[in-house]
Amino acid sequence: MPYDSPIVCILPYICAMENKKVRVRFAPSPTGGLHLGGVRTVLFNYLFAKQHGGDFIVRIEDTDQTRFVAGAEAYIFDTLAWCGLQPDESVLHGGPYAPYRQSERKPLYRQYAEQLVQQGLAYYAFDTADALEAKRKEIPNFQYNHQYRNQLHNSVALDAATTQQLIDNGTPYVIRILMPENEEIVFTDLIRGEVRFNSSQVDDKVLLKADGMPTYHLAVVVDDYLMKISHAFRGEEWLPSSPIHILLWKYLFGLEAMPKWAHLPLILKPDGNGKLSKRDGDRLGFPVFAMDWTDPRTNEPAIGFRERGFLPQAFVNMLAMLGWNSGQEQEIFSLPELIAQFSLERVHKGGAKFDYEKAKWFNAEWIKKLPAAELLPLVKPILIDAGLTIANDDYVEKVIDLVKERCTLLQDFVTQAGFFFQAPTQPDTAAIQPKWDAKKQAFFEQWLAVLPSTEWNAEALEQQFKALATELGCKPGELMLPFRIMLVGGKFGPHVFDIAAMLGSEAVSSRIQNTMQLL
RNA sequence: GGAGCGUUGGUCAAGGGGUUAAGACACCUCCCUUUCACGGAGGAAUCACGGGUUCGAUUCCCGUACGCUCUACCA
């Protein structure tokens, strides 16, 4: 369809009219490190929001106090900052709908649950955890639903006076949604199209816990409403519980106000099937979290993409291509390009297996693409960590330019560029020894003599090197490898004469002499 | 078990009633490079299965299989 087609032109206006401001949210619970799947959910939310000039909100869903992990929340924000996916509103960034932490919003939720009870759409349930546990053992596939709720300890089964008495006595209770029997619940998922459920298949989920905290089901709906969320994107694992949320919207705020849903495909483990987990990374030797994370409860460390030597641009780029593509052949995208081209319609329905090799390829591409000046602040500390002494930044920048096309991870700069800062301690003499002879020895001795008076640039050096070789009856080619080993220590690196030019006369001379002593 | 969702090479994937079924990663061969990479040129490799509909299905419909997710006072 041509771009100037009237239908295409009108579409955005219709959307704009019906949707007012685009507002999306990422709603993690602070229970651990942010893994690939989480960051990709953030990314798709972010891209969609920015493309539509909307807001990206981060709301902390910490309604389960038993699973709270210290440091997890800060880690989430650090990850977002590293990725360049900054929220417009959050615990950290503030905003007009604060607080953005659900534990601090606790008093808000009860009234909605109570309202539903008044309307007969929810009820009090007094069953203890043990009682339910016993039920589940007794009845296979037990569900708290229309079939069994009359036999259980709740305000539907009990008369009003008994219920009131239990409450007055301080008996702990939860509020459960009363799922209607045999009602079709249909909604349109932006990725999957029309999805339908029968209400009988969903059980009476707890809305408000005994401690007064809402469960996820109540909290998302209430907060999405209060925070004026226009589009709700989350992982596919939420699809089966969406009928609860739809019903809650219908009961509480009306379906017209409900955000548009999109359930994102999962990121799968590389071998076999199933959701990618930290375990898979440990097992297969690649990171799963964005950054290093140590679980404070177990002290178990997990390596992150950042510490593994990934560029945030590459990490984000790689994630975007897992489940989405532009339809064009382009694979390398900057964040602004992704914002411009992202479209929900092109998000895959099926899960994608994570491929670490391809992830590394994205990183190599980004290392090649970025100018040395931009790489410098990332590479320099890695070189210093490796024990190298760095005199000046200009030199490092030139070195980066010379070797970056052979680096896949940032750490590769240590091996690829280390010899620019430190003479090889153990040159690979075995590589030259077998063919070493008096003629070669003579050549290098002579060359050492003329070196100080040589014009110091790669071209001149190469010319002189070859001229001298010919003069002494040597094949220049046979001298290149020994020369490389002397300067680099091994069979790798950029063109020898580029290296020599960078190192300078003094270093080149001393490295030749050092290696010759070992032969 | 139930429900929902999914299924194009080993992986990411384009495509979509008639095509030699794009491209990328990985793999293999060659070229470039007297190193290692980068780069370039080639190669091998795919529509889960069975029925329909159709002149013609990888594409549409229905089944089947397989996989995944959910089935907590967790998110």
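By convention in this document, chain letters (A, B, ...) are assigned in the order of the sequence lines, proteins followed by strands, and residues within each chain are numbered from 1.
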Please classify the nucleic acid contact of [X] as base, sugar-phosphate, or nothing, using heavy-atom distances under 4.0 Å.
X      : value
A:P140 : nothing
A:V202 : nothing
A:G493 : base
A:G235 : nothing
A:R346 : sugar-phosphate

Test item: [X] side-chain N/O and [Y] main-chain N/O as donor-acceptor pair under 3.5 Å:
X      : Y      : value
A:R59  : A:Q102 : no
A:K439 : A:C474 : no
A:K491 : A:D428 : no
A:R484 : A:P494 : yes
A:E337 : A:S334 : yes

Would you call [X]-[Y] a salt bridge at under 4.0 Å N-O?
X      : Y      : value
A:D355 : A:K358 : no
A:R283 : A:D271 : yes
A:R176 : A:D203 : no

Grab the [atom1]-[atom2] distance between [X] and [N] for me, whole Å please.
X      : N      : atom1 : atom2 : answer
A:L268 : B:rU7  : CG    : P     : 12 Å
A:E462 : B:rU35 : CD    : C1'   : 14 Å
A:M480 : B:rU34 : CE    : C1'   : 6 Å
A:D280 : B:rC68 : CG    : P     : 12 Å
A:I185 : B:rG4  : CD1   : C1'   : 13 Å
A:L276 : B:rC12 : CG    : C1'   : 15 Å
A:R196 : B:rG4  : CZ    : P     : 11 Å
A:H263 : B:rC5  : NE2   : P     : 12 Å

- Item | RNA chain B: stems of at least 3 consecutive Watson-Crick or G-U pairs whose donor-acceptor distances fall under 3.5 Å |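 The stems are B:1-7 with B:65-71, B:10-12 with B:23-25, B:27-31 with B:39-43, B:48-52 with B:60-64.
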If you measure from the [atom1] atom in [N] to the same atom in [M], how many Å do you get, rounded?
N      : M      : atom1 : value
B:rU8  : B:rU46 : P     : 14 Å
B:rA65 : B:rC49 : C1'   : 7 Å
B:rU71 : B:rG39 : P     : 46 Å
B:rC60 : B:rA3  : C1'   : 26 Å
B:rA57 : B:rC38 : C1'   : 44 Å
B:rC36 : B:rA48 : C1'   : 43 Å
B:rG9  : B:rC28 : C1'   : 15 Å
B:rG51 : B:rG42 : C1'   : 41 Å

Testing the basics here: between A:I177 and A:Y123, what is the closest heavy-atom pair and its distance to 0.1 Å?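 Taking every non-hydrogen atom into account, O-CE2, 3.8 Å.
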State, to 0.1 Å, how close A:K275 and A:D280 come at their nearest heavy-atom pair, and which atoms those are.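 Shortest heavy-atom separation between A:K275 and A:D280 comes out as O-OD2, 3.7 Å.
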Review point. Does one side chain, of A:Y100 or A:D223, offer a donor that lies under 3.5 Å from an acceptor on the other?
Key: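 Result is no, nothing qualifies.
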Looking only at side-chain N and O atoms, does A:T128 offer a donor or acceptor that is under 3.5 Å from a partner on A:D130?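 Absent: no donor and acceptor within the cut-off.
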**Asked** Which nucleotide, B:rU35, B:rA22, B:rU34, lies nearest any side-chain atom of A:E329?
**Response**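 Taking heavy atoms from C-beta onward, the closest nucleotide is B:rA22.
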**Item:** Closest listed nucleotide, where the reference is the side chain of A:E236 and the choices are B:rA26, B:rC5, B:rC12
**Value:**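 It is B:rC5.
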| task | Have a look at A:D189 and tell me which of A:K349, A:H263, A:K260 forms a side-chain contact (heavy atoms from CB on, under 4.5 Å) with it. | result |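 Single pass found, and it is A:H263.
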Inset, instruction - Quick one: list whatever passes ring-ring contact (aromatic ring centres under 6.0 Å, His included) with A:F342, sequence neighbours left out. - result: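 With neighbours one apart ignored, the set is A:F44, A:W324.
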Show me the pairs that pass side chain to side chain donor-acceptor pair (under 3.5 Å) and involve residues 396-416 of chain A, at least two apart or across chains.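 Every pair satisfying side chain to side chain donor-acceptor pair (under 3.5 Å) with a residue in residues 396-416 of chain A: there are none.
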Nucleotide by nucleotide, nucleotides 70-75 of chain B touches protein heavy atoms under 4.0 Å in the pattern (B base, S sugar-phosphate only, - none) SSSBBB
Protein heavy-atom contacts under 4.0 Å, written 5' to 3' over nucleotides 37-45 of chain B as B (base), S (sugar-phosphate only) or - (none), form the string BSS------
Has A:N141 got a side-chain N or O lying under 4.0 Å from the OP1 or OP2 atom of B:rG2?
->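 Answer no for this pair, as no side-chain N or O of A:N141 is under 4.0 Å from OP1 or OP2.
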message = For the aromatic rings, using the six-membered ring if either is Trp, is the centroid distance between A:H153 and A:Y173 under 6.0 Å?
response =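 No, too far apart.
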Exercise for the section: By nearest nucleotide on RNA chain B, pick out whichever of A:Q328 and A:V496 is the more 5' one. Expected result: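 Going by which nucleotide is closer to the 5' end, it is A:Q328.
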* To do: Hey, which sits more toward the 5' end of RNA chain B by its nearest nucleotide, A:G490 or A:R192?
  =>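 Here A:R192 is the residue nearer the 5' end.
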**Message:** What I want to check is whether an N or O donor and acceptor connect the side chain of A:K358 with the base of B:rA26 at under 3.5 Å.
**Reply:**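 When only heavy-atom distances are counted, A:K358 does not reach the base of B:rA26 through any donor-acceptor pair under 3.5 Å.
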Expected output is a numbered-order residue list: members of residues 348-356 of chain A with a heavy atom under 4.0 Å from any atom of RNA chain B. What is it?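 Only A:H348, A:K349, A:G350, A:A352, A:K353, A:D355 qualify.
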